[in-house]
Amino acid sequence: MHKHTPKIRPESALKGARPLLRRFFDRDPRAVARELLGKLLIRREDAGLIAGRVVETEAYIGVGDAAAHSAAGLTKRNAVLFGPPGYAYVYFIYGNHYCLNVSCLPDGEAGGVLFRALEPVLGLQAMASHRGLELSADLRVTQLRMLTSGPGRMAEALKVTRDRDNGKDLTDPAGSDLWLADDGFRPDRVSVTPRIGITKAADEPLRFVIAGNPFVSGKRG
DNA sequence: GAGGAGATCGTCT
DNA sequence: GACGATCTCCTCT
């Protein structure tokens with residue numbers, strides 16, 4: 001296995017990336033979670049763009065999934081999951097961290113996908129700044145992993161918060177500063193495992209990762 | 001490198 | 001009043 005080299009690209013390279021359409025999200029969260037692997041999550045800031053490639057996701061099924069926030073029915077917090085597809089559901093957890101999801105399935109049906117890890121692509125200095133880290137000049141993978149390998153970390157790197165982003169349309173780069181896009185990249189191989197950090201329905205194979213990618217969360221990629 | 005505990009607060013019971 | 005879709009730091013090996 002040869003050493004993984006991050007592909008850091010100039011901002012102009014994202015111009016060919018097509019925003020994902022609403023219908024992409026209008027289906028089973030398991031299909032959305034799998035097909036989101038390799039897509040780009042892009043944040044627009046005054047100082048420029050921040051972008052990462054999605055390398056790890058988890059599906060949360062609206063109905064019959066005890067681990068999903070929508071399991072107990074509609075509440076003020078989880079309302080976005082019950083709304084139309086393609087919108088950001090952001091929640092605050094453990095008194096410390098935000099996590100980003102995207103709603104799936106038609107309006108009225110709950111379901112979502114949790115973004116768990118990104119491979120940094122653009123705006124690495126901004127990500128490091130938001131995380132309170134300083135990048136060394138050689139951009140070692142071990143350093144870059146600290147930026148976006150984990151749901152809380154990637155949310156902080158992109159400055160995702162509930163106040164700022166919950167309910168935001170993730171299919172609309174013209175009207176939104178956070179969206180998803182396809183630049184044609186396709187993962188070679190996808191692995192499916194149980195979800196992380198939950199106690200209910202913990203055995204279901206609903207976590208999707210790009211096999212061998214070093215930016216997947218955990219001790220090793 | 002593995003394992004454990006604390007941080008810290010919104011949400012629902 | 002309990003707990004959680006996490007992270008970091010500390011200790012022990």
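Per chain, numbering begins at 1; letters A, B, ... match sequence-line order.
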Exercise for the section: Rounded to whole angstrom, note down the C1' distance from C:dC3 over to B:dA5. Expected result: 16 Å
Exercise for the section: Using the P atoms only, state how far B:dG3 lies from C:dA5, rounded to an integer number of Å. Expected result: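 So the two P atoms sit 22 Å from each other.
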Exercise for the section: Go through the steps to decide whether A:Tyr91 and A:His69 satisfy the test ring-ring contact (aromatic ring centres under 6.0 Å, His included), and finish with yes or no. Expected result: CA-CA 10 Å; A:Tyr91 65 89; A:His69 286 183; 4.5 Å; yes
Fill in the blank from the handout: When A:Arg162 and A:His97 are each assigned the nearest nucleotide of DNA chain B, the 5'-most assignment goes to A:His97
[atom1] of [X] versus [atom2] of [N]: gap in Å, rounded?
X: A:Glu156; N: C:dT8; atom1: CD; atom2: C1'; answer: 12 Å
X: A:Met146; N: C:dC9; atom1: CE; atom2: C1'; answer: 11 Å
X: A:Leu147; N: C:dC7; atom1: CG; atom2: C1'; answer: 14 Å
X: A:Lys200; N: C:dG4; atom1: NZ; atom2: P; answer: 7 Å
X: A:Ile93; N: C:dA2; atom1: CD1; atom2: C1'; answer: 13 Å
X: A:Asn96; N: C:dC7; atom1: CG; atom2: P; answer: 10 Å
X: A:Ile198; N: C:dG4; atom1: CD1; atom2: P; answer: 11 Å
X: A:Glu204; N: C:dA5; atom1: CD; atom2: P; answer: 16 Å

Problem - Transitive ILVMFWY side-chain link A:Phe185 to A:Leu144, under 4.5 Å - result: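 Per the 4.5 Å side-chain linkage, A:Phe185 and A:Leu144 are co-clustered.
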Practice task
Could you tell me whether the side chain of A:Tyr94 has a donor or acceptor atom within less than 3.5 Å of a complementary atom in the base of B:dA7?
Solution key: no
Fill in the blank from the handout: Output for pair (A:Tyr89 OH, A:Asp165 CG), nearest 0.5 Å, gives 14.0 Å
Strictly below 4.0 Å: does [X] bring a side-chain N or O up to OP1 or OP2 of [N]?
X: A:Arg131; N: C:dC7; answer: no
X: A:Arg153; N: C:dT8; answer: yes
X: A:Arg77; N: C:dG4; answer: no

Problem - Nucleotide opposite B:dG10 in a Watson-Crick or G-U pair, distances under 3.5 Å - result: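 Because both required distances fall under 3.5 Å, B:dG10 counts as paired with C:dC3.
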Using a 4.0 Å heavy-atom cut-off across all strands, classify [X] as base, sugar-phosphate, or nothing.
X: A:Gly95; value: base
X: A:Phe92; value: sugar-phosphate
X: A:Arg207; value: nothing

Practice task
Before accepting this row, confirm whether a basic side-chain N of the pair A:Asp183/A:Lys15 lies closer than 4.0 Å to the acidic partner's carboxylate O.
Solution key: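 Not counted as a salt bridge, because no side-chain N and carboxylate O are separated by less than 4.0 Å.
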Problem - Ring-face cation of A:Arg30 near A:Phe208 (centre distance under 6.0 Å, axis angle within 45°) - result: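 Judged by the rule (NZ or CZ under 6.0 Å from the ring centre, within 45° of its axis), A:Arg30 is not positioned above A:Phe208.
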